[in-house]
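Throughout, protein chains are lettered first and strands after them, A, B, ... in sequence-line order, and every chain is numbered starting at 1. Predicted model only: the values in this text are computed from it and were never measured.
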Amino acid sequence: MADKYTAPKGTTDLIGAQARGWEFLTTTAREVFSHYGYEPLYTPIFEHTELFTRGIGEATDVVGKEMYTFEDKGGRSLTLRPENTASVVRAAINANITANGQAAKLYYAGPMFRYERPQKGRQRQFYQIGAEALGLNSPEADAEMIIMLWHFFCQAGIPADSMRLLVNSMGDGACRPAYRDKVAAFIKEHGDELCEECNARANTNPLRAFDCKNPSCREVFASAPLLKDELCDECAEHHARVLSLLEAAGVPYVEDPTLVRGLDYYTRTVFEVQVDNGLGSQNAIGGGGRYDGLFESLGGKPTSGLGFALGFERTLLALEASGVTFEDGSSIDVYVAVADDLYRDEAFKLATELRRNDVGALVDVAGKSLKAQFKQADHASARYTVIFAPDEYAQGKVVVRNMATKEERLVAPSEVQEAIGA
RNA sequence: GUGGGUAUAGCUCAGCUGGUUAGAGCGCUGCACUGUGGCUGCAGAGGCCGAGGGUUCGAAUCCCUUUACCCACCCCA
């Protein structure tokens with residue numbers, strides 16, 4: 001554990017079960033999302049810093065203190081992406097894929113970067129899988145997005161009853177500003193009963209005060225005005241429709257009027273999936289919402305948008321807590337062994353042929369004893385072991401041993417594939 | 001950015017109030033079984049006890065510093 005060459009703070013190598021878990025989840029995502037008509041989109045790991053300051057919002061913690069920003073050799077200010085929605089929208093604007101009211105459904109998977117103090121379920125380089133639906137403004141689109149996220153988690157193996165789906169509406173340009181002022185006024189009114197941070201939020205981002213975990217603040221906020229009661233008619237109707245669609249789809253949700261996403265771009269529908277076990281002090285494994293103003297903030301034409309991101313590491317923790325494991329997944333059908341070094345060339349050749357025919361085959365390349373070769377075959381869970389041995393090979397045959405039943409058959413090397421039923 | 005904890009073999013960890021060659025289990029390699037895996041028995045390899053400094057006749061053990069990791073606050077996925 002020399003610390004000379006360790007991965008930087010907050011980063012980790014995806015190795016063993018974690019690496020397999022990542023492949024499993026990205027594969028699952030591709031399968032599930034494609035059934036909803038989603039296509040892959042991969043954007044750069046770094047972007048112009050301004051994309052994030054404009055897109056996510058200057059007042060957010062993510063932009064204010066968590067970005068990995070650097071200057072490149074050309075003097076440009078670049079930032080490692082702290083999230084991917086702004087990039088996807090930028091890419092969509094650049095490629096003009098939402099021209100003339102066309103919709104686009106896109107998903108991605110990859111690392112994000114935030115300069116935070118690491119802890120369980122939170123690292124500086126972390127992996128997200130996400131989806132964005134662009135150019136769709138109907139409540140049906142919202143419901144479909146939420147259902148897809150729920151579907152993904154279920155498909156990945158998290159028991160539905162261990163998850164909790166929270167849904168809320170944040171209003172839009174017509175109703176949120178007034179509500180925002182109302183909350184700010186409420187905070188000022190109760191200033192002496194609230195913590196410092198809550199007071200500070202009155203000026204920066206009043207809604208975030210709902211996230212405060214301080215018990216006494218929560219108590220005060222229990223009587224705060226709720227956006228739910230202040231929504232404009234359009235937002236209220238939209239929200240009600242989303243909820244009834246979720247209900248009809250049998251996706252259990254909880255209305256949480258205090259759910260406030262931390263990024264400035266959200267409008268109307270916001271949602272979050274939480275679990276109670278395995279995540280330490282975190283509890284959100286995925287979340288997202290609608291961002292109808294983001295295109296314009298980034299210089300595009302008014303276009304609605306909607307999406308979610310889910311945290312890979314947290315999802316993995318939740319899966320582990322549910323007893324899901326990612327065992328070594330090598331698929332070895334045959335182990336080709338030699339009883340004498342004389343046959344190593346033949347064995348090597350057979351293994352090569354089998355692999356070309358789509359059969360998983362292992363052959364010893366370390367000069368091990370026959371016994372050691374059997375052990376390897378066993379550890380690889382090979383279903384069969386083929387043995388090149390003097391007596392049998394003198395008749396042009398090799399031994400095919402079924403490792404489970406211990407039955408052995410003699411066949412010509414060319415018939416091995418048939419003998420193992422592959 | 002602010003707290004608390006931990007650091008000994010590939011992995012999980014013992015090592016009491018300082019005492020001589022630093023241990024166990026699992027894993028790995030070999031042998032018993034020279035052409036047949038799992039079980040068993042035996043043997044072996046693998047450690048500058050995170051790093052640096054100090055106290056001491058003597059430090060994995062005590063003190064200081066440092067680094068890393070973990071956990072929590074905060075924030076979010």
Item checked: Atom-pair distance (CD1 on A:Ile158; C1' on B:A77), nearest Å -> 12 Å

Next item on the list: Could you list by number each residue of residues 284-295 of chain A showing a heavy-atom separation from RNA chain B of less than 4.0 Å, or answer none if no residue does?
Entry: A:Ala284, A:Ile285, A:Gly286, A:Gly287

Margin query: Need one value for A:Leu263: base, sugar-phosphate or nothing, where a base atom within 4.0 Å counts as base even if backbone is also close, heavy atoms only.
Written below: sugar-phosphate

Checklist line | Among B:C73, B:G35, B:A77, the nucleotide that comes nearest once only the side chain of A:Ser281 is considered | finding: B:C73

Notebook entry, point to check: Atom CG of A:Asn283 and atom P of B:C73: how far apart are they, to the nearest Å?
Noted result: 10 Å

Check: Pick the nucleotide of RNA chain B nearest each of A:Gly121 and A:Pro118; which residue has the one closer to the 5' end?
Finding: A:Pro118

Check: Could you state the interatomic distance from CD (A:Glu415) to CZ (A:Arg409), rounded to the nearest 0.5 Å?
Finding: 8.5 Å

Next item on the list: Between B:G46 and B:G3, how far apart are the P atoms? Round to whole Å, please.
Entry: 44 Å

Check: Stem ranges for RNA chain B, with three or more consecutive Watson-Crick or G-U pairs under 3.5 Å?
Finding: B:1-7 with B:67-73, B:10-13 with B:23-26, B:28-32 with B:40-44, B:50-54 with B:62-66

Check: How would you label the contact of A:Pro8 with the nucleic acid (heavy atoms, under 4.0 Å): base, sugar-phosphate, or nothing?
Finding: sugar-phosphate

Check: What nucleic acid atoms does A:Gly10 come within less than 4.0 Å of, heavy atoms only: base, sugar-phosphate, or nothing?
Finding: sugar-phosphate

Margin query: Mind checking if A:Asp391 touches a base, just sugar-phosphate, or nothing, with heavy atoms under 4.0 Å?
Written below: base

Notebook entry, point to check: Of the nucleotides B:G30, B:C71, B:C76, which one has an atom closest to the side chain of A:Lys120?
Noted result: B:C71

Checklist line | Side-chain heavy-atom pair A:Leu80, A:Phe70 within 4.5 angstrom cut-off | finding: yes

Note to self: Could you check whether A:Arg124 makes a cation-pi contact with A:Tyr115, meaning its NZ or CZ is under 6.0 Å from the centre of the six-membered ring and within 45° of the ring axis?
What the structure shows: yes

Next item on the list: Specify the residue among A:Gln123 and A:Lys9 whose closest nucleotide of RNA chain B lies further upstream toward the 5′ end.
Entry: A:Lys9

Next item on the list: Identify whether any heavy atom of A:Gln376 sits under 4.0 Å from a base atom; if not, whether one sits that close to sugar-phosphate; answer base, sugar-phosphate or nothing.
Entry: nothing

Check: What nucleic acid atoms does A:Arg117 come within less than 4.0 Å of, heavy atoms only: base, sugar-phosphate, or nothing?
Finding: base

Notebook entry, point to check: When you check every protein heavy atom under 4.0 Å of nucleotides 36-45 of chain B, what one-letter string (B, S, -) results, 5' to 3'?
Noted result: BBB-------

Next item on the list: Looking only at side-chain atoms of A:Arg122, point me to the closest of B:A77, B:U2, B:C76.
Entry: B:A77

Notebook entry, point to check: Within this structure, what is the CD-to-C1' distance between A:Gln282 and B:C73, rounded to whole angstrom?
Noted result: 11 Å

Note to self: Can you see if the side chain of A:Gln119 gets near the phosphate of B:C71 - specifically, an N or O under 4.0 Å from OP1 or OP2?
What the structure shows: no

Check: Which part of the nucleic acid, if any, lies within reach of A:Pro82 when heavy atoms closer than 4.0 Å are counted: base, sugar-phosphate only, or nothing?
Finding: nothing

Item checked: Rounded distance (Å) that lies between atom P of B:C76 and atom OH of A:Tyr266 -> 11 Å

Item checked: Heavy-atom side-chain proximity of A:Glu132 to A:Thr85 below 4.5 angstrom -> yes

Item checked: Stacked pair A:Phe312-B:A77, distance under 5.5 Å, angle under 30° -> no

